[in-house]
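What's counted below: heavy atoms across the whole structure, side chains too, no hydrogens, waters or symmetry copies.
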Amino acid sequence: MFRRLGWFVGLNQKNWSTKRLLNVEQPDPATQNHHLPMFDAVHEVAVYIHRFHNLDLFEQGWYRIKVTMRWENGEDSYPGIPARVVQYEAPEVAADNLCRVWMIDDTDNSFTTPPFRIRYARQDVFLCIMISFYLSYDGYEGKSSAVILKFELLHTPTPEIGPELQSSLDAYAASVHEYRIPPKALLGLHSYCPVHFDAFHAVVVDTSVHISLLKPGYRTPRLKVPSDSWASEGTSENNVGSNKVVLIKALMDAHDILLEDLRRISKGIDQAIDLTGITFKPDVMNSFNYNSPAHVKSIDDGASHQLSDGTQFSAEKAAHNINHITEESSQPFSWDDMLNSFQSIANQLLYLWNTFLKFHRENKTKIMEFLRDSWANDRRTEWSIWMVYSKVEMPHQYMSNGVEKSSLYRGIRGRSSSTRKLTDDHVQTAIMRAELHRRGIAQMRINNRSLQDMYIFGDPLRIPIIIVERLENLYRSASVNSYFIPLKEKARHILENGSRSINTLSGNSQQRHEHILKVVVFVHGFQGHHLDLRLVRNQWLLIDPKIHVLMSETNEDKTSGDFREMGLRLAQEVISFLKRKMDKASRNGNLKDIKLSFVGHSIGNLIIRTALAESIMEPYLRYLYTYVSISGPHLGYMYSSNSIFNSGLWLLKKIKGTQCIHQLTFTDDQDLENTFIYNLSKKKTLADFRNVILLSSPQDGYVPYHSARIELCPAACSDFSKQGKVFLEMLNNCLDQIRTHSEHRVVMRCDINFETSSYGKGFNTLVGRAAHIEFLECDIFVKFIMWSFPELFS
């Protein structure tokens, strides 16, 4: 089946093995002189696969990871060629859990990791293997093109078959995750590359990608005739010389980038690296006008790195030098000068690359952690493309319909004094605002050196737009204000204050040693399943793997009853879970604190608040930490404008007599002041949470927009009846609980605007169910919010 098999036998923790692949041709001494004049270079893309962590795979069995590379514009015509494989250390798993065979397939130039067995959730498999691919410097048909890095998850559902038989079994591709490597990154890149696959194969593969432009140490079969060959017929000597100057300058830029990245990584992991053998001769730079622009600054510390001879290096010179070749630099050069310069810089670059590979082997775990933390900070800035930040001042008490109407809508642009009339259709206003932002994204050109996740960048217009409103009054939280600063100051702020977030993400903070029990409870909605919120759970586990998760099952198939009964059952389930975890934590050490967080979807939010109002939960209220409300009807269905959905609620009440629907629509008592939701608003169910995040969507027709956001609605402004009075009292009661009385408290509204063109014009879209369910089936908005505010979830 496979042309070649690579076997690793007898590896231990101290040795490592490098395999040169057979399709790489060593130069023949008899013909070596004929190839000597050739100027050639390759992009070496080294993919290091460190760990496979199973978050939520549905099936046990044997799994493998297949890696391929191709030019973005070339489909499968010009794939990357596997050049070498390095097994860093013996995998730390039992002998029957992993087969030590990696495979190369000539048909698609792919690399496949050894098979490994997955038996349970949260299982780790350390692969510790690096595969290097070679890509021709000529690119796709001589043009600059991005590269697609493709990861496939292969699965063989035969858990009882021994590892010795796995290499002979066919596996099917269970899922695919692709990354785009921009053309700029092909000169040099060192980046964390998390592979997650999809919602049905929830894993995280800790992977890093390392790229440099190098002179090949041996020949590879060319895929096409180079457009700039020295002996090409009809090509002028001056043009050829100019092309060689471009290649030499590209190598100089790659040297520049690699040297700076080495120093950055060395500083980041606090591990010295020996660069004494690195010398960059000034005559090479002078020959090709390689002058550092005076305005170029380092992206790390504000100043260019400097060698012992005073030569400056900075990563941002790469694009400048390659795009600004002066007429003077393109003049004809002698063959000897050009060849000597090429050999000099290429040899130094190759030496520097090998120094990095050795340094990586010795510090692979520290480098992975450093790159992961850098990736997290970079994603905050990158994902801000789809996020809009603003501040909204909390209103005072609504004493009547004419008091404090406009203050709720202040601050659409920072603290602007402009207001929005409450008589406007605020649902359509929210949709239009997001659509205008989406049109702005359509006109953007994303051109950077970062790896681009194709789940996001494959079609940027299909990504939800998230409008984040920070609710504040007199007190403000310094910890989250940073995310609402102007975008032009955002990068500088992250660089100056990123250390706190880095410590949180890497798990090196002091809290890890203080035995803090962190519990997150997930509660489904009407007729829901306990795994409905698994995508939110998985993202939370990526932020903080130390949390203990309770996917509430006590109300499954029981969501048609009284909220009071559902709340009591949830309270008892939570207390039982907490006691088990507290006892276990106390036996293992000194339990210093507890952080209890809740996530609810739809009416699950009312079940959570009802449970918190139970007397048996009172001893645990002081441990409440973060509350995430996903489309929760906190103000019931009063003033619901969805006539079709309202008709469905009426049928449920009349035909089935569903008690919770009566409570949601305030028909559970003739006196509105005796209804369940009105009385629930009087209980301090939100006051003890340190962080409150209210997620809503103007496209969700199942939950009134104002009810999910806990805000005043236009219909209530013109209602002077008792219903209007009761609504304002409920609103005031809830706002009093979420009003920020501490500088450490965070209250946010997050408006999620989904791209609805894929929904079609079916019944689900008509009644607003599509967006309501999209909260459960899409995890991109969750990823954006959680990784933008990691301190709220850790």
Is the closest side-chain donor-acceptor distance between Thr429 and Arg433 under 3.5 Å?
no
Is it true that atom CG of Asp671 has more than 12 heavy atoms of other residues, nucleotides or ligands lying nearer than 6.0 Å?
yes
Just checking Phe775 against Phe754, ring centres under 6.0 Å apart?
yes
Inspect the surroundings of NZ in Lys684 and state if more than 12 heavy atoms from other residues, nucleotides or ligands are less than 6.0 Å away.
yes
Test item: Arg438 side-chain N/O and Leu461 main-chain N/O as donor-acceptor pair under 3.5 Å
yes
Do Asp668 and Gln659 pair up side chain to side chain, a donor and an acceptor below 3.5 Å, judged on atom types alone?
no
Has the side chain of Asp544 got a donor or acceptor atom that lies under 3.5 Å from a matching backbone atom of Leu541?
no
Is there a donor in the side chain of Thr554 and an acceptor in the side chain of Arg569, or the other way round, less than 3.5 Å apart?
no
Working note: Asp669 + Tyr678, criterion side-chain hydrogen bond (donor to acceptor under 3.5 Å, both in side chains); need CA distance, chi angles, decisive distance, verdict.
CA-CA 11 Å; Asp669 195 279; Tyr678 174 80; over 6 Å; no
Work out which heavy atom in Cys717 is nearest to a heavy atom in Phe720; give both atom names and the distance.
O-CZ, 4.0 Å
So does Arg739 get a backbone contact from the side chain of Arg745, meaning a donor-acceptor N/O pair under 3.5 Å?
yes
Would you check if there is a donor-acceptor pair between the side chains of Glu573 and Ser552 at a distance under 3.5 Å?
yes
Any Arg609 side-chain heavy atom under 4.5 Å of Phe563 side chain:
no
Using modelled atom types only, decide if a donor and an acceptor are shared between the side chain of Thr610 and the backbone of Leu606 within a distance under 3.5 Å.
yes
Look at the side chain of Thr559 and the backbone N and O of Gln527, then say whether any donor-acceptor pair between them is shorter than 3.5 Å.
yes
For Ile710, does its backbone N or O pair with a side-chain atom of Arg749 as donor and acceptor, under 3.5 Å?
yes
When you compare the side chains of Asp751 and Ser696, does any donor N or O come within less than 3.5 Å of an acceptor on the partner?
yes
Quick one: does Trp386's side chain have a donor or acceptor within less than 3.5 Å of a partner on Pro460's backbone?
yes
Determine the interplanar angle of the Tyr702 and His772 rings, folded into 0 to 90°, and report it as parallel if under 30°, tilted if 30 to 60°, perpendicular if over 60°.
tilted
Would you please indicate if the ring centroids of Phe727 and His706 are separated by under 6.0 Å?
yes
